[in-house]
Amino acid sequence: MLGRYFQPNRCNAPRLRPVVRPYSTITSKHNQKIVDLLLKYKAEEEQKPDANSFKVYSFARAIHAVMNLNHPIRSGTDVVALPGIGLKITNRINEHLFDQYAQETTSEAKGAARSRFSGSKPVLILAPDSKVYQELLRNRALVVLGSVPGIGPTTAKKLVDAGCHSIKDLKSPEFSSMLTSKQAMNLKYMGHFEQPINRQDAEDVMAFCRAGLGPEFEITLVGDYRRGIEMFQEIHVMVSHPDFVHVPLPSDPPHIPAKSKTIIKKKSGRRRKDEEVRTNLLHTDILPLLQQRGLISETLSCGFTSWQGVIRLPGPEAGWGSRIHRISAVENNDGEYRKMSVHLVPQKSLGSALLFLTGDNEFHKDLSTRAQKLGMLFNQHGLWSWNPSQTESSPPNAEPRSSVETTNDGYWSLAKSTSEEEIFQELGMDFVDPTKRNFAFVSGKRRGKRTSSSYH
DNA sequence: TGGCAATACTG
DNA sequence: CAGTAT
DNA sequence: GCCA
């Protein structure tokens, strides 16, 4: 499973017969056009290199359902209740019907007589005030509004019932006031976030940050970029500075509760956190600078050492323009906008943070598991060793001063954290190139790639 | 959110 | 014919 | 893709 064996080119498949279509001679008395439409979608899915066979089958089922109809489909309501036809196909059929209707009305306008007599197929004519046409309009509006991220079927229905029928309508204050702040933001940046980010975009952003923050800040592109991915959805940046040195201890005291003893919850240190939020370089320097220089456009969430939000792509250095120009561009929502995150990391934790922020998820989970098996703990701040309580006479020279009052059973001490190499070494692994940090590697490392076939 | 079908090929 | 790959 |  998991598409490990997919063949990029079907022409290489050795024993593939000419594509067998269950319905090679498909005719429908009343809905030929719609059957053709669905056949086209089915074929499209089949062509894709990573085709989903269940999806293909679903189209086949839908085609079958339509074929069995003994009356023409006029709108989605004729078809939505049919087994095997769900929301997406209903919407596609509606779209098709609407287009067909528009086409026919224009040809009617050109010459009523001609279209009346030359059309060999039954012509679908709908009065603009007919119930069926209203239904098509409503469904079309539901689809359009539902295409805004964060607006689902429920909100879409509310909006349509309130008289909102298009994205343009939605942007008027009357309707945009019905949106949550998140929905409003997704509307504002519609068409931006779906757009892929390429490596050059990310490099431009990094260059812009470097120019804006000054030489003492060390800036690294992490996430998908560092794993060598060509196109991705979000830019992740790691920032460090010699003045930012705070390395928090793991908050969960014991790593493996051999016996589920009383769970110790220490909520001390709150005041500290508030204090740090104010003095943190992220809040005092990085974010204000990036904002003033016209990069940051929106803040989605802002935590202690990390920020996530929306930026305006600055483009290559030659096209950065003036600060004023960029600021006004952001104000007018001009330019290209993408999601970005910034993580402020102490230099001491550079290696573990790099590992943590580069990912991917599976790889990083694997590291955590390996650490656990060694009785250690891996997080973005470091690889930690657990030192059992020093009731015995072995107070290690690590850094017991930072043990705080976590528990009486022992304390965490930082084993390795400054470079990826030393962390790999400590975990007993060879260095893994960032481009190899993915599920395939993790699973391949565990056991040689075997087929699932095994006899018994 | 995750399970899902049909069939040609293999031995 | 059943298991498997697609 | 659909559906429970």
Side-chain angles (χ1 to χ4, degrees), chain A residues 1-28 31-69 73-100 135-136 138-140 142-157 182 186 194 233 360-362 365 438-440 442-444 447-456:
Chain A
M1 21 160 100
L2 282 174
R4 263 192 251 173
Y5 310 101
F6 85 88
Q7 303 231 353
N9 268 330
R10 53 163 40 208
C11 38
N12 293 338
R15 299 186 170 80
L16 211 56
R17 301 194 144 188
V19 184
V20 177
R21 295 176 196 275
Y23 312 102
S24 48
T25 60
I26 297 175
T27 53
S28 165
N31 299 297
Q32 186 61 47
K33 286 237 175 105
I34 289 175
V35 168
D36 289 345
L37 180 80
L38 295 179
L39 277 171
K40 191 186 84 186
Y41 286 136
K42 174 166 167 282
E44 268 174 23
E45 183 64 27
E46 282 170 335
Q47 299 283 101
K48 287 164 71 174
D50 54 344
N52 178 347
S53 61
F54 296 113
K55 201 187 265 191
V56 173
Y57 181 74
S58 289
F59 280 122
R61 258 183 101 199
I63 290 166
H64 192 76
V66 171
M67 280 201 327
N68 282 345
L69 277 182
I73 297 170
R74 290 139 70 228
S75 90
T77 48
D78 285 351
V79 102
V80 75
L82 262 49
I85 297 188
L87 184 66
K88 298 284 193 69
I89 288 182
T90 302
N91 288 339
R92 288 178 179 210
I93 289 177
N94 270 323
E95 199 183 327
H96 171 260
L97 289 172
F98 191 88
D99 288 348
Q100 181 176 297
E135 194 62 35
L136 284 178
R138 180 187 159 85
N139 281 327
R140 167 161 265 243
L142 287 175
V143 172
V144 170
L145 298 181
S147 73
V148 177
I151 295 184
T154 305
T155 310
K157 273 177 200 138
K182 272 215 168 88
N186 279 321
E194 298 86 352
Q233 289 299 116
D360 68 2
N361 231 4
E362 291 294 332
K365 261 193 271 179
N438 51 43
F439 178 76
V442 172
S443 58
R447 52 181 50 232
K449 186 180 151 199
R450 283 278 91 113
T451 65
S452 57
S453 62
S454 58
Y455 51 90
H456 31 37

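Source: prediction; values computed, not measured. A, B, ... follow the sequence lines: proteins, then strands. Residue 1 opens every chain. Heavy atoms only: backbone and side chains are in, while hydrogens, waters and symmetry mates are out.
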When rounded to the nearest Å, what value does the distance between P atoms of B:dA5 and D:dC3 take? 13 Å
Rounding to a whole Å, what distance do you find between A:Leu37:CG and D:dG1:P? 12 Å
Quick test: give all pairs of protein nitrogen or oxygen and nucleotides 3-5 of chain B nitrogen or oxygen below 3.5 Å, distance rounded to 0.1 Å.
unit_1	atom_1	unit_2	atom_2	d
B:dA5	O3'	A:Tyr57	OH	3.0

Any side-chain donor paired with an acceptor under 3.5 Å for A:Asp36 and A:Gln32? yes
A:Asn91 has an atom CG; how far is it from atom P of D:dG1, in whole Å? 10 Å
Rounded interatomic separation in angstrom, taking NZ from A:Lys88 and P from D:dC3: 13 Å
Closest non-hydrogen atoms of A:Ile89 and A:Ala62, given as atom of the first, atom of the second and distance, are CD1-CB, 3.4 Å
A:Ile85 CD1 to D:dC3 P, straight-line distance once rounded to whole Å: 9 Å
Using every non-hydrogen atom in the two residues, find where A:Ala51 and A:Glu46 come nearest and quote the distance to one decimal. CB-O, 4.0 Å
Can you tell me how far P of D:dC2 sits from CG of A:Leu82, to the nearest Å? 12 Å
To the nearest angstrom, how far is A:Lys48 atom NZ from C:dT6 atom C1'? 17 Å
Going by heavy atoms in the side chains, are A:Glu45 and A:Ser53 under 4.5 Å from each other? no
Listed partners of A:Arg92 passing side-chain hydrogen bond (donor to acceptor under 3.5 Å, both in side chains), at least two apart: none
Sorted by chain and residue number, the side-chain hydrogen bond (donor to acceptor under 3.5 Å, both in side chains) partners of A:Ser75 (sequence neighbours excluded) come out as A:Thr77
D:dG1 C1' sits how many Å from A:Leu38 CG, rounded? 11 Å
Whole-Å distance, A:Glu46 CD to C:dT6 C1', equals 12 Å
